[in-house]
Amino acid sequence: PEVNSCYSYEECKATADWLLAQTDVRPTVGIVCGSGLGGLADLLKDQVAFNYKDIPNFPQSTVHGHAGRLVFGHLKGRPCVCMQGRFHLYEGYSIHKITLPMRIFKLLGVETVMLTNAAGGLNHDFKMGDIMIIKDHLNLPGFAGINPLNGPNDERFGVRFLCMSDAYDRELQQLAMEVGQDLGYGDFLKEGVYCVLGGPTFETIAEGRMLHRLGADAVGMSTVHEVIVARHCGMRVFALSLITNQVVMDYDSEERANHEEVLQVGRQRAAQLERLVYTMVTKIVHN
Ligand code: 6GU
């Protein structure tokens, strides 16, 4: 096993301390912006931003549509830190490297993590542009032995064997539904199960049909790894998918999945998704 790709507690601490020395913001909410959804970071007031390439131990984002900045600031007075662009397995980074930011969040003082992504819709009731509150996931890479908690366990972060039946915070899902109703999003706010694939290939027709039969409502290439590491170190988790395309599950269909479509639908619905997360942040209470 690639035990040597893990980061030690001390390495994580060094990165967190490096950041804390350069900003007065002490974030309690950490946000991860998905493809085409990085506009949320621009809403932060009193910004202090770092390019990923300047942060010790940080990987650098390479995908088109991801800016690659860690932004500190305030949303309606709430101290936040926001990843504008995230890391994916298919970029070639280790599973430990792509989830490192969650442990940095924890050491910065973050208590609640909110993640967004772009995903393909498997549920026949979903339309392009729907926003799905993630209530659970299928971790397919996990079935194949790819899990960010592989390797030695440091108890300072969390337990060896992590319970995943309460990964997605129920109260935050409820809050999202309430806020979404208030904002008039009732017609396109859904909930469901997110399935992660390794990517970068989109699913085949047979794979799409399989995932649908397995109980997945949406499919993508991110989020789940970060959720696991965030839960491991005891942060509350909330996640949203923007349904950017319908997964092809029919051999007669002329539809073809492509990244441009993902980004284009993202641009159309992004502002509303960002408004939902923004409004939730202003209502989150930490103990
Ligand atoms: Cl993995 N599949 C499809 N069809 N669309 C997506 C995706 C996957 N990730 C983002 N959009």
Side-chain angles (χ1 to χ4, degrees), residues 32-40 61-67 83-93 95 98-99 114-144 146 148 188-228 239-270 272-274 277:
V32 183
C33 303
S35 296
L37 302 170
L40 190 62
S61 184
T62 59
V63 197
H64 175 58
H66 294 251
M83 288 183 72
Q84 204 170 26
R86 62 146 62 81
F87 308 110
H88 302 85
L89 263 186
Y90 60 76
E91 292 172 81
Y93 299 117
I95 188 92
I98 64 168
T99 54
M114 307 179 73
L115 307 107
T116 66
N117 62 51
L122 293 160
N123 186 319
H124 296 303
D125 296 332
F126 289 1
K127 293 182 208 49
M128 257 168 66
D130 279 354
I131 295 173
M132 184 184 89
I133 297 166
I134 301 180
K135 65 175 184 189
D136 204 348
H137 71 223
L138 294 173
N139 180 11
L140 259 54
F143 287 12
I146 301 171
F188 58 87
L189 188 60
K190 312 284 170 70
E191 58 165 35
V193 175
Y194 176 88
C195 177
V196 61
L197 304 178
T201 44
F202 290 111
E203 62 291 330
T204 64
I205 292 171
E207 287 164 350
R209 295 163 79 131
M210 178 190 86
L211 299 178
H212 182 249
R213 292 181 63 155
L214 289 179
D217 298 296
V219 58
M221 305 175 192
S222 70
T223 306
V224 166
H225 317 299
E226 293 147 329
V227 168
I228 290 169
L240 287 177
S241 289
L242 177 61
I243 306 301
T244 51
N245 58 284
Q246 268 297 348
V247 169
V248 177
M249 282 183 280
D250 171 0
Y251 287 99
D252 296 327
S253 171
E254 299 285 316
E255 297 285 327
R256 294 289 177 267
N258 72 86
H259 191 57
E260 260 321 302
E261 184 175 59
V262 169
L263 293 180
Q264 201 181 324
V265 175
R267 278 191 285 272
Q268 287 164 13
R269 200 59 108 189
Q272 283 161 301
L273 185 141
E274 286 156 16
V277 176

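Remember, it's 1-based here, ligands and their atoms both numbered in the order they're listed. Note that the numbering runs from 1 along the sequence shown for the chain.
- Ranking protein heavy atoms by distance to atom 2 (N) of ligand 1, first place goes to E203 OE1, 2.8 Å.
- Two residues are said to be in side-chain contact when any heavy atoms from C-beta on lie closer than 4.5 Å; I95 and L89 meet this criterion.
- Between I134 and the choices V193, L240, N117, the side-chain contact (heavy atoms from CB on, under 4.5 Å) rule is met once, by N117.
- At the shortest separation from atom 10 (C) of ligand 1 among protein heavy atoms lies A118 O, 3.1 Å.
- Each of the atoms 1 (Cl) of ligand 1 lies under 4.0 Å from some heavy atom of M221.
- Evaluated by nearest non-hydrogen atom to atom 9 (N) of ligand 1, the leading choice among A257, G220, G34, C195 is G220.
- The atoms of ligand 1 that sit less than 4.0 Å from any heavy atom of G120 are 3 (C), 5 (N), 6 (C), 7 (C), 11 (N).
- Using a 4.5 Å heavy-atom threshold, the side chains of L122 and D217 count as separate.
- In this comparison of V196, V248, L211, V219, the heavy atom closest to atom 7 (C) of ligand 1 sits on V219.
- Less than 4.0 angstrom separates some heavy atom of V247 from each of these atoms of ligand 1: 4 (N).
- At a heavy-atom cutoff of 4.0 Å, ligand 1 is contacted by the backbone of A119 but not by its side chain.
- Proximity to N245 (heavy-atom distance under 4.0 Å) selects the following atoms of ligand 1: 3 (C), 4 (N), 5 (N), 6 (C), 11 (N).
- Between H212 and M249 there is a side-chain heavy-atom pair separated by less than 4.5 Å.
- At a threshold of 4.5 Å between non-hydrogen side-chain atoms, the residues L211 and L138 do not count as touching.
- By the 4.5 Å heavy-atom criterion applied to side chains, V219 and E203 are counted as neighbours.
- Y194 contributes a side-chain N or O that, together with a main-chain N or O of S222, makes up a donor-acceptor pair within less than 3.5 Å.
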